[in-house]
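Worksheet for the structure shown next.
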Amino acid sequence: MTAELHSRRTVLTTGAAVAGAAVGAVALTACGSDSDTPPGSTAAPPAAAPGETLTALSEIEVGKSKAAKTADGKDVIVTRTAEGTAAAFSAICTHQGCAVVPEGAELKCPCHNSIFDAATGAVKKGPADQPLPSIAVKVTNGQVVTA
């Protein structure tokens, strides 16, 4: 009977350890990105062909931001910095690769609470320690397009 209890105990302990490792692996994977760029390093901005329309300038209030996508599906943030100007940044947090979300004059990472300045991409609060990569844009005929 002792051998049977020991065996059952060993199976339960091993099963719990395997389940815990699986949950930990899933949690860590959720914080990563699909890119080959290691976490914490400055990623290159999404490549966009010059003249690619990201959004209409009229869809963004001055001082606010909007999430958009490049033609190839990369996440970007477009900020209306003044009446007729805009700035754009990669929407991928430089800490662990989560997509940032526009909130007023800031861009917030929902994964680890990094905060970036929406007008400059600069880090306002870590854990991220690198700014969001900028994307060259200009306003042409009321559209924010890549430069």
Side-chain angles (χ1 to χ4, degrees), residues 8-147:
R8 184 178 297 156
R9 199 173 293 132
T10 302
V11 169
L12 291 174
T13 303
T14 303
V18 169
V23 169
V26 169
L28 288 174
T29 301
C31 292
S33 71
D34 292 335
S35 74
D36 293 329
T37 305
S41 66
T42 303
E52 181 181 321
T53 300
L54 298 177
T55 189
L57 187 64
S58 63
E59 292 181 11
I60 311 168
E61 293 178 39
V62 174
K64 304 282 179 150
S65 302
K66 176 185 175 182
K69 289 193 180 280
T70 61
D72 63 353
K74 303 285 192 218
D75 292 320
V76 297
I77 298 291
V78 180
T79 301
R80 188 168 183 177
T81 54
E83 190 59 37
T85 60
F89 307 94
S90 168
I92 306 305
C93 180
T94 56
H95 174 240
Q96 289 286 324
C98 297
V100 298
V101 178
E103 287 190 21
E106 298 177 331
L107 305 172
K108 295 187 178 183
C109 179
C111 295
H112 301 105
N113 300 318
S114 290
I115 299 174
F116 300 87
D117 184 289
T120 66
V123 177
K124 293 177 83 174
K125 176 183 170 275
D129 61 0
Q130 298 293 316
L132 295 173
S134 65
I135 300 167
V137 293
K138 62 184 176 179
V139 177
T140 304
N141 297 324
Q143 301 294 311
V144 180
V145 298
T146 54

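Positions are given from 1, in the same order as the sequence printed here. Please read these numbers as outputs of a predicted model, since none were measured by experiment.
The CZ atom of Arg80 lies 12.5 Å from the NZ atom of Lys64; values are rounded to the nearest 0.5 Å. Summarising the geometry, atom NZ belonging to Lys108 is positioned 4.5 Å from atom CD belonging to Glu103; distances are rounded to the nearest 0.5 Å. To the nearest 0.5 angstrom, Asn141 atom CG is 11.5 Å from Leu57 atom CG. Between the CD atom of Gln143 and the OG atom of Ser58 there is a distance of 7.5 Å, given to the nearest 0.5 Å. To the nearest 0.5 Å, atoms CG (Leu107) and CG (Leu132) are separated by 6.0 Å. In this structure, the separation between OG on Ser90 and CG on Asp75 is 8.0 Å, given to the nearest 0.5 Å.
Here the shortest heavy-atom pairing between Ala128 and Phe116 reads CB-CZ, 3.6 Å.
The SG atoms of Cys111 and Cys93 do not sit under 2.5 Å apart.
A donor-acceptor pair is defined here as one N or O able to donate and one able to accept, closer than 3.5 Å; such a pair exists between the side chain of Thr79 and the backbone of Ala118. In this structure a side-chain-to-backbone donor-acceptor pair under 3.5 Å is present from Thr94 to Gln130. At least one donor-acceptor pair under 3.5 Å links the side chain of Thr146 to the backbone N or O of Glu52.
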Is there a side chain to side chain contact (heavy atoms under 4.5 Å, CB included) between Val137 and Val78 once you walk through the steps?
CA-CA 9 Å; Val137 293; Val78 180; 5.9 Å; no
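More than 12 heavy atoms of other residues, nucleotides or ligands lie within 6.0 Å of NZ in Lys124, so this atom counts as buried by the packing criterion. Residue-environment remark: NZ (Lys125) exceeds the threshold of 12 foreign heavy atoms within 6.0 Å.
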